[in-house]
Amino acid sequence: AYEPLDYFTFAPHLDFVSWDSYPQYDDDRAMNALMHDLMRGLKGGQPFWLMEQTPSSTSSRDTSPMRRPGELSFYSYQAVAHGADAVMYFQMRASRGACEKWHGAVIWHGGRGDTRHFREVAELGHELSGLGELAGARTPARVALVFDWHAWWAQQLSDGPNRHVDYKAVMASWHAAFRRRGIDVDVVASDSSFDGYDVVAAPLLYLVRDGVAEALTAAAHRGASVWTGFLSGRVDSSDLAFLDVWPGPLKDLCGIRIDETDGRVPDWSNGVVVDGRTYDARLVFDIVATEGAEVVGTYAADWYAGLPALTRHEVGAGEGWYLATVG
């Protein structure tokens, strides 16, 4: 997810989508899964290519850990499972000079074919050759996660209420909540059709473009469970504050009103109590008043202890949910 470029605007001009994946050994594998689903979503579910990955180590980082035995296979199959039609490498043979001469390669400087990484590439290639029938296959999901570059840009430019809120990290945490339960996710643009989805999650929809609130509300009326949350519905497509209570055009969908938001330092935490269990919450805390919504969870501490932190609002045949803080 390259912040300066809206891929959903760029993708229609391409024949196919590809990306380069270089997770470190201790990176969050859930973030890598989100990026795969984003690539698949850029052209309406069309399979993508994993254009680059390393069979061993990665250069241009402060540290370059080697891939552990089986790690190449894991990340390759992860890509295929999320919709990749091709699994490729950088680089085929290690270069002798310049800054990437220590970047991993299928064939190292010595030109040998008996290294551990060469053998793993060969074994993986043999395995994948038997999976040719998967090429072109699609992995449709019943859950949509709305990824909106315009909301990302506007939120990052905002001088409040908390500069520590990371749009991409929020997207990854919501995506991982589904994936941990084995639920497939389509990553879609905010102006996509939400037809056919049972759940539409639109977290951190800080900027709401024309027609988006109406489309989300229509999805709820059709029977979908529509989720949004903290800092959503704050500005319009020109990054101008809505002249209304927060969450702006999403307020009727959610059945709530927000007049205040508390921003706190990263090491301070509150809790959200749901069915007697307390969940950790950080960074921002919307102060919610219900206007038709049911209170499902409440804050555990501070001056807003007992106030709504998670709400549910019946809308037509569906519902609108609002999570008021960063989980």
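Please read all numbers here as calculations on a predicted model, not as lab measurements. Because only heavy atoms are used, hydrogens play no part in the values below, and waters and symmetry mates are left out as well, while side chains stay in.
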- Query: Can you list the steps and then say if His36 with Phe48 is a ring pair (Phe, Tyr, Trp, His ring centres under 6.0 Å)?
  - Reply: CA-CA 8 Å; His36 285 319; Phe48 61 93; 5.6 Å; yes
- Message: Does Leu5 have more than 12 heavy atoms from other residues, nucleotides or ligands lying within 6.0 Å of its CG?
- Response: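 Above 12, so yes.
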How many angstroms lie between atom [atom1] of [X] and atom [atom2] of [Y], to the nearest 0.5 angstrom?
X	Y	atom1	atom2	value
Arg67	Arg116	CZ	CZ	11.0 Å
Leu250	Ile258	CG	CD1	9.5 Å
Trp227	Trp174	CH2	CH2	6.5 Å
Trp152	Asp166	CH2	CG	8.0 Å
Met39	Leu34	CE	CG	8.5 Å
Phe147	Met35	CZ	CE	5.5 Å

Do [X] and [Y] pair up side chain to side chain, a donor and an acceptor below 3.5 Å, judged on atom types alone?
X	Y	result
Arg40	Thr139	yes
Ser21	Gln53	no
Tyr167	Glu3	no
Asn32	Gln78	yes

Would you call the rings of [X] and [Y] parallel, tilted or perpendicular, where under 30° means parallel and over 60° means perpendicular?
X	Y	answer
Trp102	Trp108	tilted
Tyr304	Tyr299	perpendicular
Tyr7	Trp149	tilted
Trp49	Phe16	tilted

Any side-chain to backbone donor/acceptor pair from [X] onto [Y]? Under 3.5 Å, distance only.
X	Y	result
Thr261	Asp286	no
Ser76	Leu72	yes
Arg282	Thr325	no
Thr311	Val295	no
Glu120	Glu71	no
Ser158	Gly160	yes
His313	Ile256	no
Glu123	Phe118	no
Asp85	Pro47	no

- Task: Check the pair Lys251 / Asp244 against salt bridge (charged side-chain N to carboxylate O under 4.0 Å, His left out), numbers first and verdict last.
- Result: CA-CA 9 Å; Lys251 66 181 186 304; Asp244 200 348; 2.8 Å; yes
- Task: Find out whether the Lys NZ or Arg CZ of Arg68 is both under 6.0 angstrom from the six-membered ring centre of Phe74 and within 45° of the ring's axis.
- Result: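 Negative - Arg68 is either too far from the ring of Phe74 or too far off its axis.
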- Query: Just checking, Arg234 and Trp246: is the charged tip under 6.0 Å from the six-membered ring centre and within 45° of the axis?
  - Reply: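 Yes, a cation-pi geometry holds between Arg234 and Trp246.
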- Query: Considering all heavy atoms of both residues, which atom of Leu145 and which atom of Met171 are nearest to each other, and what is their separation?
  - Reply: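 Scanning both residues, the minimum pair turns out to be CD2-O, 3.9 Å.
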hydrophobic_cluster_shared for [Y] and [X], side chain cutoff 4.5 Å:
X	Y	result
Leu216	Trp321	no
Leu283	Leu310	yes
Val17	Met51	no
Leu124	Tyr75	no
Tyr206	Val212	no

- Query: So among Asp239, Asp6, Asp148, which one has a salt bridge (Lys or Arg N to Asp or Glu O under 4.0 Å) with Arg209?
  - Reply: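 Running salt bridge (Lys or Arg N to Asp or Glu O under 4.0 Å) over Asp239, Asp6, Asp148 with Arg209 returns exactly one hit, Asp148.
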- Message: Is the shortest side-chain heavy-atom distance between Asp186 and Tyr197 below 4.5 Å?
- Response: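 Yes, at least one pair of side-chain atoms sits under 4.5 Å.
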- Message: Would you say that Thr54 contacts Tyr22 through its side chain, given a criterion of any heavy-atom pair below 4.5 Å between the two side chains?
- Response: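 Yes - at least one pair of side-chain heavy atoms lies under 4.5 Å apart.
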- Less than 4.0 Å between a side-chain N and a carboxylate O, is that true for Arg179 and Asp184?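 Salt bridge between Asp184 and Arg179, a charged N being under 4.0 Å from a carboxylate O: yes.
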